[in-house]
Amino acid sequence: QVQLVESGGGLVQAGGSLRLSCAASGRTFSRYAMGWFRRAPGKDREFVAAIGWSGGRTYYADFVKGRFTISRDNGQNTVYLQMNSLKPEDTAVYYCAAGGSSMLPTIVRAFDYWGQGTQVTVSS
């Protein structure tokens, strides 16, 4: 079992930055790919970014490339999402996820454990 707790969300003006953190419990954190997804009001959950177990491979949705950066610290059991140049359309609940499957970590089905989410609101 892995428990995930997100933090770092909040209200920010367009063009601003936020850094999300996801703290994981358990001793097997380094075995999991980690991902960030988001759900905007009235929309389905969508992939944002993911990182392999070692941190050597990263994946991004096209709409965040060049603006968001995912990273992880296996010693601290934490994954981060640095979000820069935020836009109002980035407003959503952001979820952290952990997955141990062989599927490409860009889809919901690749992940086994989910956090409760943290709200990010970007004002125009």
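No hydrogens, no waters, no symmetry mates; every other heavy atom, side chains included, goes into these values. Computed from a predicted structure; not experimentally measured.
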Handout entry: Side-chain (T118) to main-chain (S7) donor-acceptor, under 3.5 angstrom
Key = no

Completion exercise
The complete set of salt bridge (charged side-chain N to carboxylate O under 4.0 Å, His left out) pairs with one or both residues in residues 82-110, sequence neighbours excluded, reads R38-D90, R67-D90

Problem - Heavy atoms from other residues, nucleotides or ligands near CD of E46 exceed 12 (cutoff 6.0 Å) - result: yes

Handout entry: Within one Ile-Leu-Val-Met-Phe-Trp-Tyr cluster: F111 and Y95, side-chain cutoff 4.5 Å
Key = yes

Scan the side chains in residues 47-62 for donor-acceptor partners under 3.5 Å anywhere in the protein, sequence neighbours excluded, and list what turns up.
residue, atom, partner, partner atom, Å
S54, OG, G56, N, 3.2
Y60, OH, I70, N, 2.9
D62, OD1, K65, NZ, 3.2

Practice task
Measure across A14 and P88 and return the closest heavy-atom pair with its distance rounded to 0.1 Å.
Solution key: CB-CD, 4.1 Å

Problem - Side-chain touch S71/Q82, heavy atoms, less than 4.5 angstrom - result: no

Problem - Pairwise distance OG1(T28) to CD(Q1) - rounded to 0.5 angstrom - result: 10.0 Å

Exercise for the section: List for me each residue that meets side-chain contact (heavy atoms from CB on, under 4.5 Å) alongside T121, sequence neighbours excluded, and say none if there are none. Expected result: L11, T91, Q119

Exercise for the section: Say whether V120 and F63 are linked into one hydrophobic cluster, either directly or through other cluster members, by side-chain heavy-atom distances under 4.5 angstrom. Expected result: yes

Practice task
Assess whether side-chain contact (heavy atoms from CB on, under 4.5 Å) is satisfied between V122 and Q13, documenting all intermediate values.
Solution key: CA-CA 5 Å; V122 184; Q13 288 188 331; over 6 Å; no

Handout entry: Residues T78 and D73: side-chain donor-acceptor under 3.5 angstrom
Key = no

Practice task
Mind checking the CZ-OH spacing from R72 to Y32? Nearest 0.5 Å is all I need.
Solution key: 11.0 Å

Handout entry: Whether Q3 side chain and S25 backbone form a donor-acceptor pair below 3.5 Å
Key = no

Exercise for the section: First locate atom SG of C96, then atom CD of E6, and finally report the distance between them rounded to the nearest 0.5 Å. Expected result: 5.5 Å

Handout entry: Whether over 12 other heavy atoms sit under 6.0 Å from R39 CZ
Key = yes

Exercise for the section: Indicate the atoms forming the closest heavy-atom contact of A24 with L4, along with that distance. Expected result: CB-CD2, 3.6 Å

Practice task
Find out if a path of hydrophobic residues (ILVMFWY) with successive side-chain heavy-atom gaps under 4.5 Å connects L18 to L81.
Solution key: yes

Practice task
Indicate, with yes or no, if the rings of F37 and W114 have centres closer together than 6.0 Å.
Solution key: yes

Problem - Hydrophobic cluster identity match, Y113 and V108, side-chain contacts under 4.5 Å - result: no

Practice task
Tell me whether V5 is reachable from V2 by hopping between hydrophobic residues (I, L, V, M, F, W, Y) whose side-chain heavy atoms are closer than 4.5 Å.
Solution key: no

Practice task
Rounded to the nearest 0.5 Å, what's the gap from OG1 on T69 to CG on N84? Could you check?
Solution key: 6.5 Å

Handout entry: Rounded distance (nearest 0.5 Å) linking atom SG of C22 with atom OH of Y94
Key = 15.0 Å

